[in-house]
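Notes for the one structure printed next.
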Amino acid sequence: MAHLGSRTARKHGRLAVPVGLALTASLAFLPTVAASAAPLGNTAAASTAAKPDTSGPKMSYVANLTAYGTVKQAKKAIERAGGTVVTSHDKIGVVVAHSQNPEFARQLRAQRSLFVSVGATRTAPLTTVQTTEEGTTQRLSAADAAKAAAQAAPGQEPLESNQWDLRAIKADQAHKINDGSRNVTVGVIDTGVDDTHPDLAANFSKAQSANCVGGVADTSEGAWRPYADGSDHGTHVAGTIAAPRNGVGVSGVAPGVQIAAIKVSEPATSLFYTEAVVCGFMFAAEKGIEVTNNSYYVDPWYFNCKTDDDQKALVEALSRASKYAERKGVLNVAAAGNENYDLSADSITDETSPNDTTPVPRTIDPRVCLDVPTQLPGVVTVTATGDKGFKSYYSSYGLGVADVSAPGGDKWQVPATPDANGRVLSTVPGGGYGYKQGTSMATPHVAGVAALLKSAHPRATPAQLQALLKGQATKTACPAQVYDATGTLVDATTCESKWGQTGYYGYGVVDALKAVK
């Protein structure tokens with residue numbers, strides 16, 4: 001499953017990934033399909049030989065065009081190979097297709113003047129996504145809610161006394177100056193958002209929301225909401241970003257901006273496949289969204305190796321989509337992951353991929369095998385901290401990979417709040433509230449600060465916003481000790497420092513107050 005908040009972004013020094021060139025009108029001819037070996041005149045035999053094999057399970061593919069190929073040519077080639085075009089993103093040269101031909105990808109790859117890469121987006125057949133939180137949601141009890149409300153200071157939201165995370169990045173102080181602009185929207189690319197929640201409805205933008213599952217944006221009423229039996233992840237993320245200061249429950253980091261939901265998780269499994277995420281980035285770009293929050297990794301591979309034909313194609317398609325969004329003014333923010341991986345290490349053992357069939361343990365080089373979207377060029381990679389300021393025990397990290405850090409929660413770092421809960425409190429579907437921890441929870445804090453920066457500097461480019469996030473972050477040195485998964489304080493021997501950065505915190509912990517000054 002696409003682990004929300006658990007697979008956080010790993011951007012090993014912002015490794016370069018191939019990005020699609022702008023498509024041009026092509027004079028090149030489309031390579032021909034292999035000719036039939038049937039004798040001349042035997043038209044029946046020739047016809048049979050020309051038919052593609054359709055004996056396999058139906059699979060989903062992305063096909064990335066060369067600078068000389070056209071979408072029209074690609075569609076014809078796909079059909080000749082036994083495929084059906086689901087959608088095409090003409091501006092980045094990516095086509096999504098389904099096929100039951102076991103040789104579909106190989107046959108298209110042979111047409112090198114037309115396709116840069118072609119790959120299956122999953123290892124399991126299509127059926128009629130995952131996130132990065134660590135552990136399950138803890139619902140806020142009525143007793144804890146009452147206790148928080150009783151201790152709320154004047155001007156605070158009823159549950160704000162439990163929001164240690166806001167105070168950790170000075171968001172509470174920032175709100176006294178500027179809550180953010182309604183001209184700024186943060187797109188939550190996730191499991192869907194319950195826009196009927198009383199602490200989200202006022203700031204929700206329906207016009208910028210959609211369901212991208214399957215690769216085609218569905219903007220019909222409510223399509224962006226979580227499945228009835230689905231994950232609460234996206235709703236929790238949305239509250240951290242922009243729950244309004246309305247006297248109802250909690251406050252978001254940027255309570256004056258708007259939020260949009262772009263649902264990309266499959267029903268039942270919550271897996272996030274490439275075609276849906278590509279659709280999400282493209283939709284955000286075309287709908288004028290300024291910041292996207294990406295608290296997931298793209299399934300089924302935790303790391304996508306550019307030495308593998310299928311995985312290489314997924315990286316290419318996602319890179320083209322995220323870079324297109326960036327060119328259209330979108331800053332993409334992503335989680336580093338919850339496996340306590342050192343993403344700057346020479347090697348990592350991945351025991352979870354592929355996660356839609358049977359995982360096969362493998363040792364990978366994170367400079368060659370990328371965790372996407374977090375390691376894509378231009379994406380802000382976020383690590384997680386707890387109330388004491390230590391790196392959260394689960395958070396992945398890496399010198400030159402981590403960009404900034406933010407509160408993601410840590411059950412071992414207990415705050416002096418009415419609930420004494422070290423996780424992050426936010427909205428959950430059905431009008432309730434709950435606690436989660438993970439790099440999934442850290443990422444929306446950064447997206448919220450980025451939205452405040454965009455509000456203060458409306459003409460700032462994504463690159464400029466990223467520079468401001470890093471430049472204004474509170475420099476944080478490597479700690480002497482951190483909590484491990486058992487709650488034991490251990491020496492922080494894995495934290496490295498160089499270039500004014502650390503492996504645990506990147507350039508430092510984001511600062512909401514500086515963003516609005």
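The nearest pair of heavy atoms linking T137 to G434 is CG2-CA, 4.2 Å. Smallest separation of non-hydrogen atoms from L331 and G378: CD1-O, 4.5 Å. For the residue pair C495 and P479, the shortest heavy atom distance occurs at SG-CD, 4.4 Å. Closest of all the heavy-atom pairs between H236 and L425 is NE2-C, 4.1 Å. Between G508 and A473 the shortest heavy-atom distance is C-CB, 3.7 Å. Closest approach of A325 and N332 over heavy atoms only: CB-ND2, 4.3 Å.
Listed for the Q437 side chain is a donor-acceptor partner under 3.5 Å among the backbone atoms of K411. Side-chain N or O atoms of T476 include one that pairs as donor or acceptor with a backbone N or O of T474 at under 3.5 Å. With hydrogens and angles disregarded, a donor-acceptor distance shorter than 3.5 Å links the side chain of Q311 to the backbone of C305. The main-chain N or O of V253 is found under 3.5 Å from a side-chain atom of H175 such that the two form a donor-acceptor pair. Distance alone, capped at 3.5 Å, is enough to place a donor-acceptor pair between the S392 side chain and the G409 backbone. Judged by distance alone, the side chain of Y393 and the main-chain N or O of T486 form no donor-acceptor pair under 3.5 Å. The closest donor-acceptor contact from the side chain of S395 to the backbone of A384 lies under 3.5 Å. Counting only distance, with no hydrogens or angles, the side chain of R245 and the backbone of G155 share a donor-acceptor pair below 3.5 Å. Checked by atom type and distance alone, the side chain of E157 pairs as donor or acceptor with a backbone atom of N246 at under 3.5 Å. Distance alone, capped at 3.5 Å, places no donor-acceptor pair between the D190 side chain and the G192 backbone.
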TODO: Start with the C-alpha gap between D410 and K388, add the side-chain angles, then the distance that decides, and say whether side chain to side chain contact (heavy atoms under 4.5 Å, CB included) holds.
DONE: CA-CA 9 Å; D410 186 328; K388 307 304 180 187; over 6 Å; no
TODO: Run the numbers on L314 and V372 for side chain to side chain contact (heavy atoms under 4.5 Å, CB included), then give the verdict.
DONE: CA-CA 9 Å; L314 308 188; V372 291; over 6 Å; no
- [ ] Determine, stepwise, if the pair I364 / W301 fulfils side chain to side chain contact (heavy atoms under 4.5 Å, CB included).
- [x] CA-CA 12 Å; I364 62 93; W301 307 98; over 6 Å; no
- [ ] Could you please spell out the steps behind the side-chain hydrogen bond (donor to acceptor under 3.5 Å, both in side chains) verdict for E275 and T121?
- [x] CA-CA 7 Å; E275 58 268 39; T121 66; 2.9 Å; yes
Open item on the list: Please determine whether side chain to side chain contact (heavy atoms under 4.5 Å, CB included) holds for the pair D195 and L200, giving the CA-CA distance in whole Å, both sets of side-chain angles, and the decisive distance to 0.1 Å.
Closed with: CA-CA 6 Å; D195 59 300; L200 295 175; 6.0 Å; no
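The stretch residues 484-517 participates, sequence neighbours left out, in these ring-ring contact (aromatic ring centres under 6.0 Å, His included) pairs: Y397-Y504.
For N421, the side-chain contact (heavy atoms from CB on, under 4.5 Å) partners two or more places apart in sequence, or in a different chain, are Q138, D419, R423, Y435. Shown here are the ring pair (Phe, Tyr, Trp, His ring centres under 6.0 Å) partners of W224, two or more places apart in sequence or in another chain: F204.
Side-chain atoms of T493 and D491 form no donor-acceptor pair, as typed in the model, at a separation below 3.5 Å. Side-chain contact check for T235 and T427: no donor-acceptor pair (N or O, by modelled atom type) lies under 3.5 Å. Between the side chains of K454 and N183, no donor N or O sits under 3.5 Å from an acceptor N or O. Residues N293 and T443 have side chains that never bring a donor and an acceptor to within less than 3.5 angstrom of each other.
Taken from OG in S347 to CG in D342, the straight-line distance is 10.0 Å, to the nearest 0.5 Å. Rounding to the nearest 0.5 angstrom, the gap separating the NZ atom in K470 from the CD atom in Q501 is 7.0 Å. Taking CG from D199 and OG from S426, the interatomic distance works out to 8.0 Å, rounded to the nearest 0.5 Å. Of the inter-residue distances, the one linking S322 atom OG with R327 atom CZ reads 9.0 Å to the nearest 0.5 angstrom. The distance from atom CG of N203 to atom CZ of R182, rounded to the nearest 0.5 Å, is 5.0 Å. Here CG of D350 is found 9.0 Å from CD of E339. Values are rounded to the nearest 0.5 Å.
More than 12 non-hydrogen atoms from other residues, nucleotides or ligands lie less than 6.0 angstrom from NZ of K514. Heavy atoms of other residues, nucleotides or ligands lying less than 6.0 angstrom from NZ of K517 number 12 at most.
Within the 4.5 Å cutoff, the side chain of Q208 has no heavy atoms near those of the E286 side chain. Within the 4.5 Å cutoff, side-chain heavy atoms of F281 are placed close to those of P373. With contacts defined as side-chain heavy-atom distances shorter than 4.5 Å, the pair V401/Y341 does not qualify. Side chains of D232 and K436 form a contact here, defined as non-hydrogen atoms less than 4.5 Å apart. M441 has its side chain out of reach of T240: every pair of non-hydrogen atoms, C-beta onward, lies at least 4.5 Å apart. For the pair S295/H233, a side-chain contact is recorded, criterion being any heavy-atom separation below 4.5 Å from C-beta on. In this structure, L318 and V277 have side chains that are in contact, with non-hydrogen atoms separated by less than 4.5 Å. In this structure the side chain of T292 reaches within 4.5 angstrom of the side chain of I289, judged on heavy atoms.
H89 has its ring centre no less than 6.0 Å from the ring centre of F283.
Salt-bridge check for R167 with D172: failed, with every basic side-chain N at 4.0 Å or more from each acidic carboxylate O. A salt bridge between K306 and E316 is absent, with no side-chain N of the basic residue lying under 4.0 Å from a carboxylate O of the acidic one.
Between Y433 and H197, the ring-plane angle classifies as perpendicular under the 30° and 60° cut-offs.
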